[in-house]
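A quick write-up on the structure given underneath.
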There are 4 protein chains.
Amino acid sequence: MKQDFHSSKPIYLQIADQIFFRLVRKELFPGDKLPSVREMAIQTKVNPNTIQRTYSEMERLGIVETRRGQGTFITEKAGIVDELKERLTREVCESFVMQMKELGLTKEEMLEGIEKHAEGGRK
Amino acid sequence: MKQDFHSSKPIYLQIADQIFFRLVRKELFPGDKLPSVREMAIQTKVNPNTIQRTYSEMERLGIVETRRGQGTFITEKAGIVDELKERLTREVCESFVMQMKELGLTKEEMLEGIEKHAEGGRK
Amino acid sequence: MKQDFHSSKPIYLQIADQIFFRLVRKELFPGDKLPSVREMAIQTKVNPNTIQRTYSEMERLGIVETRRGQGTFITEKAGIVDELKERLTREVCESFVMQMKELGLTKEEMLEGIEKHAEGGRK
Amino acid sequence: MKQDFHSSKPIYLQIADQIFFRLVRKELFPGDKLPSVREMAIQTKVNPNTIQRTYSEMERLGIVETRRGQGTFITEKAGIVDELKERLTREVCESFVMQMKELGLTKEEMLEGIEKHAEGGRK
DNA sequence: GTGGTCTAGACCACA
DNA sequence: GTGGTCTAGACCACG
């Protein structure tokens, strides 16, 4: 639940990613209610406006829905989680492969690189 | 030599990355003179100040040296390229592994994911 | 808060030095918020970009931290001030001693020279 | 005889300083002929234009004289060395005292600082 | 309102 | 010609 204030990725997207990851890891489920903007702001120690933006962004992507007066909920649409997992996995892999190719590494070296770092800490 | 003007990564860092990649791929060598700030600005179609910043950043990282009135050169220090390659590779791999772990995937699934995407285009 | 526009030392570094000096003289404390880039630009009568550069440089040295949208703050890390004072003092002394030695003066003559000039104005 | 290519002090002045120091240390005497611009450029590994400028500057200060077709010589005027030594010493001391005062140090601390660093290497 | 990036254009010292 | 600094002014994402 830590934000990197110096990353080029905006904080509001970092927080969205964290929620996506929790969904994919089954720590969160379709239909679950997310903390209120205020509550979430306290938990993550960022400005409520930032959380507002996180929620808007997730709504735009169809991952959550806001119900007036009730709060923000994970969309119940079938397959939402699998879709998300599929999408995130693809993005991460594609980005990885592209960067490694730019470094001139072969597929074998990529696999090797992962073996070497797979034991690394969570940062 | 194309920049993505809409990426969240600043142009001046994108250009630095491109130079790093060319170094690692042996298209550029220690001791080589980089194009002058103005020349590079024309090639990359950005403002000279942006290139200035690229070069400053690379100097800060010890990859290049500037000699007043003469130009900017790749550092001649032995091992600079391997060091750089090592560092860039590590960064990319660690980031990948971390993200995949956050998606709850095992090492096997990571390797599989790469196999699936390794044939993808260069961007 | 005056800058010397004709010094060979860049303005952005002169301003950084002034802030360092204020920190060391306890006129500024860890955790303090510095004036915003624009505000500082007005105070020092230079362009905001110049202040931006001052702040970047200080961040690079670990003296300040910027929090996006909030401002720039003196780093809270313990010992930051003593470290800085120590470093600045060392730099000044070493440079002095080196130059005096190049003039062929003995330690006694150095001490004497200081006695003679210690009453001089602050510039 | 080393130049610092990254100092804010221009190379041509660094070289002038080195000559001044040699004069003051009696390694060089009034009436001595300095190496030709070309020769000096080779010795110091800088561009001949830079040496040209060094010589011009020293001439402007009355330390050297150029005699057409013969070369550049240290001025023979009486007292030139003592004057120079006096001036350089004063400049170095004043600058030192000013900087130390800006750091909020007392005269005692200055003397102490020198004691501590007087044994330090020549850089 | 905050910092960050970028452009355009200028001037300078240096080589 | 080279890099370095500075200004002016703009736009942007973020908080």
Side-chain angles (χ1 to χ4, degrees), chain A residues 3 5-15 41 44-54 57, chain B residues 3 5-15 33-41 44-56 59 64-73, chain C residues 3 5-15 33-41 44-56 59 64-73, chain D residues 3 5-15 41 44-54 57:
Chain A
Q3 273 63 51
F5 285 86
H6 290 84
S7 161
S8 69
K9 172 166 275 189
I11 293 171
Y12 79 97
L13 288 182
Q14 292 181 38
I15 295 173
T44 53
K45 292 178 184 160
V46 301
N47 190 299
N49 287 336
T50 306
I51 302 298
Q52 188 58 264
R53 199 155 179 182
T54 299
E57 179 65 13
Chain B
Q3 273 61 53
F5 287 85
H6 296 90
S7 163
S8 68
K9 171 168 274 193
I11 295 174
Y12 78 96
L13 288 182
Q14 291 181 40
I15 296 173
K33 182 180 181 304
L34 291 178
S36 78
V37 169
R38 290 156 173 87
E39 172 58 25
M40 191 61 146
T44 53
K45 294 178 183 158
V46 301
N47 189 286
N49 284 330
T50 305
I51 301 298
Q52 186 71 270
R53 197 161 179 190
T54 298
Y55 284 11
S56 300
E59 179 158 35
V64 305
E65 279 171 10
T66 66
R67 300 180 206 144
R68 287 204 290 212
Q70 299 182 241
T72 303
F73 301 79
Chain C
Q3 273 61 53
F5 287 86
H6 296 90
S7 163
S8 67
K9 172 166 273 191
I11 296 173
Y12 78 96
L13 289 181
Q14 291 181 39
I15 296 174
K33 181 179 182 307
L34 292 178
S36 78
V37 168
R38 289 155 174 87
E39 172 58 24
M40 191 61 147
T44 52
K45 294 178 184 160
V46 300
N47 189 285
N49 284 332
T50 304
I51 301 298
Q52 186 70 268
R53 197 161 178 189
T54 298
Y55 284 11
S56 300
E59 178 159 35
V64 305
E65 278 170 11
T66 65
R67 300 181 205 143
R68 288 203 289 212
Q70 298 182 243
T72 303
F73 301 80
Chain D
Q3 273 64 52
F5 285 86
H6 291 83
S7 162
S8 69
K9 172 167 278 192
I11 292 171
Y12 79 98
L13 288 181
Q14 291 180 38
I15 295 173
T44 54
K45 291 178 185 162
V46 301
N47 190 298
N49 287 336
T50 307
I51 302 298
Q52 189 57 265
R53 200 157 180 179
T54 299
E57 178 67 12

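Throughout, a chain's letter reflects where its sequence line sits, starting with A, and its residues are numbered from 1. It should be emphasised that the depicted structure is a prediction, and the values quoted were computed from it without experimental measurement.
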Residues in side-chain contact (heavy atoms from CB on, under 4.5 Å) with A:Glu57, at least two apart?
-> A:Tyr12, A:Leu13, A:Arg60, A:Leu61
What is the distance from atom OG1 of C:Thr44 to atom CD1 of C:Ile51, rounded to the nearest 0.5 Å?
-> 3.5 Å
Where is the tightest heavy-atom contact between A:Ala41 and A:Asn47, given as atom of each residue plus distance?
-> CB-C, 4.3 Å
Nearest non-hydrogen partners of B:Phe5 and B:Lys45, listed with the distance = CZ-O, 4.3 Å
Is there side-chain contact between B:Leu34 and B:Met40, with at least one heavy-atom pair below 4.5 Å?
-> no
What one-letter contact string describes nucleotides 2-9 of chain E from 5' to 3', where B marks a base within less than 4.0 Å of any protein heavy atom, S marks contact via sugar-phosphate atoms alone, and - marks no contact?
-> BBBBBBBB
For the student: nearest non-hydrogen atoms of C:Ile11 and C:Gln3, plus distance = CG2-CG, 3.6 Å
Does the B:Gln14 side chain pair with the main chain of B:Lys9, one donor and one acceptor, at a distance under 3.5 Å?
-> yes
For DNA chain F, which ranges pair as stems of 3 or more consecutive Watson-Crick or G-U pairs, with both donor-acceptor distances under 3.5 Å?
-> E:1-14 with F:1-14
